[in-house]
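This report refers to the structure that appears directly beneath it.
Throughout, residue positions are numbered sequentially from 1 according to the sequence presented. Whatever order the structure lists them in is the order used to number ligands and atoms, beginning at 1.
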Amino acid sequence: MADFETVVVETDLLILGGGMAACGAAVEAAYWAKQNGLKVTLVDKAAVDRSGAVAMGLSAINQYVGLKDGKNTVKDYVDYVRNDLMGITREDLVANIARHVDSTVHLFEKWGLPIWKDPEGKYVHEGRWQLMINGESYKVVVAEAAKNALLGSGVGEIYERIFIVGPLMDGDRCAGAAGFSVRENKFYIFKSKATLVAMGGAVHVFKPRSSGEGMGRAWYPPWNSGSSAYFTLKAGAEMTCQEVRFIPVRFKDAYGPVGAWFLLFQSRATNSEGGAYMVERKPELEKWGPYGRVKPIPANLRNYLGMLDVMEGKGPIYMRTEEAIQKIAETYKDDPKAYKKKMKELESEAWEDFLDMTISQALLWASTNVQPEERSSEIAAAEPYFIGSHSGASGAWVSGPEDLQTDGTKSDYFWGYANMSTVPGLFCAGDASGASSHKFSSGSHAEGRIAAKDAVRYIVENNKMPALDAQAIEALKVEILAPLATFEQYKNATTDPEVNPNYIKPRMFMFRLQKIMDEYAGGITAQFTTNESLLKKGLELLDFLKEDAAKLAAANTHELMRCWENVHRMWQAEAHVRTILFRQETRWPGYYFRADKPTLDQENWLVFANCRFDPKTGQWETKSRPVLRIFESQTKEPAKASV
Ligand code: SFD
Ligand code: AMP
């Protein structure tokens, strides 16, 4: 593309993404880079102030361990995460984040984030690990600190509205990234000594519940499209937990959060007959090994109990908001003035919970005449998402920190630098790193800091700019911009540019991907259920889709981004299908159910299911990795299991 200028940027540390993990990385990297005379470059597809999952704000900080208060320990948090993930978690990674997350939260407060306080000045907890915040401007506050750190120290620079497509390699070492501006005709090459991937998870891989113009509304932000997974896969990194997608139960249709209702307001959820599935279906939990007996009940099992009601035709499922509010206010009943005041307070807390992070849910309440103190609202299981930082676990397989390893874990879980993937020079944090769930916004920021610190150490110890092949870069430019050329070549073959025998537009491509995933990989219309035959058929159809990806067409740079977003989604999809196929059991009912392998198999499958794409041969490989304990577990699983 002659009219596309190639811009080459050389840097030491390249941070990809501008979300929670990237902002944490920026703050930490600026500090260490200054000491070592290094340069740091951050690249975001959007504007850092409002990019990523926290763009709209949040109403809670979901990971705060509170080590200073002495109530919880790092081990408590590891126990919580291990139980919630049905035994499959990297304890070293979870513990590393847990021991640093409080300091990140204290920084947020210092930077101006309002955290709720009780009359004694203590943080107001939503639940054991969660803090309530006035978080509409959460991302702006965190972004400002990142920008100040990078730009104020003179070591950094920030590129916004540059879409990163994929990795640059120097042999097996990551050498940077390639991308393009979504506003100007510029193709970008970022050359770096270390690269930190923090481009979030993926949504719209599966068909969403929303349709038509409502499709932009999903729980997870539609602009996180699997770029982290694509980048790490194409670099040849080993991936983990690609089968562990996350299905959040949310207020139906606008995806409002439920955490504050279940934890802070202690609300019940009931079916249309008034039955509480969490009570009535308790015996079902016995089928899921030790994890059916832990507290809190794992998120996927909570989902599953509700799904069983829906499958039996007992829907809709309701969040009993009116009952919960009445119950709290009841304690003030003898004092009418105090009662009235409390009711007003609860009402405004209920609305603020949505206004802080899911404004559309407040709009839906308003437009459907819902007053939460008077009427229940429907909740439902959303479509599957890939978000390793929440209650899913998908991401790259990364090294843990050295000091937390035991003699039994070190050779499997440590290879030199915390949060480095199996590709030298390629680091991951937040949704991009796997098997370390429940880090959420605060833990992702803390993990970004952890990864950046070791990435700088990697640069100091491997201080050589990787070499890039000029011819290969030219070929990459042609490949990345190809959809623009395809459109130009064929656009006049029909009167409707959306439909053309010579090309496929990204929107249609996405619909095809979503249909495959929904029907074959256990999406909503398949009741989250699949089996080997369905998965194999799905893989065959994904292969055809992959072939047609070469015919994607874009009318402008914005649509070019849409093309690549969908290619990224397709790779995330393939990693997912291959890994569900590999794991011969059902471990996370409520996230997905393998109907042909309907039970938990502790003996054989208490292991990580990992996968890798080999960039040299184009072949995929799936393999297990051992689940090793650092802390003793209450559920008494065997110390080591393998397939
Ligand atoms: O509870 C490219 N999360 C919540 N965390 C909390 O602590 N409290 C809550 O209240 C939370 N809730 C919640 C949460 C998420 C969502 C979607 C909702 C509600 C509706 C989880 C956190 O938000 C999440 O854990 C972190 O944000 C993860 O951080 P990170 O850095 O891994 O992802 P990101 O912040 O989304 O940032 C991604 C960045 O990448 C950029 N990007 N840049 C360049 N090129 C590309 N190709 C790129 N692709 C993506 C993005 O622009 C962004 O900057 S609760 O209700 O569930
Ligand atoms: P959510 O709004 O569902 O994302 O939840 C916010 C936080 O509360 C997360 O840490 C969840 O794991 C947790 N959570 C939500 N619902 C429950 C529940 N019923 N029991 C225990 N924890 C919950």
Can you check whether His568 has an N/O within less than 3.5 Å of an N/O in ligand 1?
-> no
Could you pull out, from Met132, Arg250, His438, Met561, the option with a heavy atom nearest to atom 55 (S) of ligand 1?
-> Arg250
Under 3.5 Å: N/O of Gly18 near N/O of ligand 1 | yes
Ligand 2 and Arg250, any nitrogen or oxygen pair closer than 3.5 angstrom?
-> yes
Between Trp365 and Trp261, what is the ring plane arrangement, given parallel below 30°, perpendicular above 60°, and tilted in between?
-> perpendicular
May I ask you to check whether Ala60 has an N/O atom sitting below 3.5 Å from an N/O atom of ligand 1?
-> yes
Is there a side-chain contact between Arg209 and Ile524 (heavy atoms, below 4.5 Å)?
-> yes
N/O to N/O below 3.5 Å, does that happen between Ser391 and ligand 2?
-> no
So does Glu160 pair up with Arg183, basic N to acidic O under 4.0 Å?
-> no
Going by heavy-atom distance to atom 51 (C) of ligand 1, choose the closest among Ile387, Asp44, Asp356, Ile15.
-> Asp44
Can you check whether Leu263 has an N/O within less than 3.5 Å of an N/O in ligand 2?
-> no
Does Arg587 make a cation-pi contact with Trp288 (under 6.0 Å, within 45 degrees of the axis)?
-> no
Ring centres of Tyr304 and Trp588 under 6.0 Å apart?
-> no
For Ala21, is at least one N or O under 3.5 Å away from an N or O on ligand 1?
-> yes
Filtering Ala260, Gly200, Ala429 for the heavy atom nearest atom 38 (C) of ligand 1 leaves Gly200
Candidate with minimal heavy-atom separation from atom 18 (C) of ligand 1, of Trp219, Tyr64, Tyr159, Trp129 = Trp219
Please identify which atoms of ligand 2 are closer than 4.0 Å to at least one heavy atom of Gln130.
-> 7 (C), 8 (O), 9 (C), 10 (O), 13 (C)
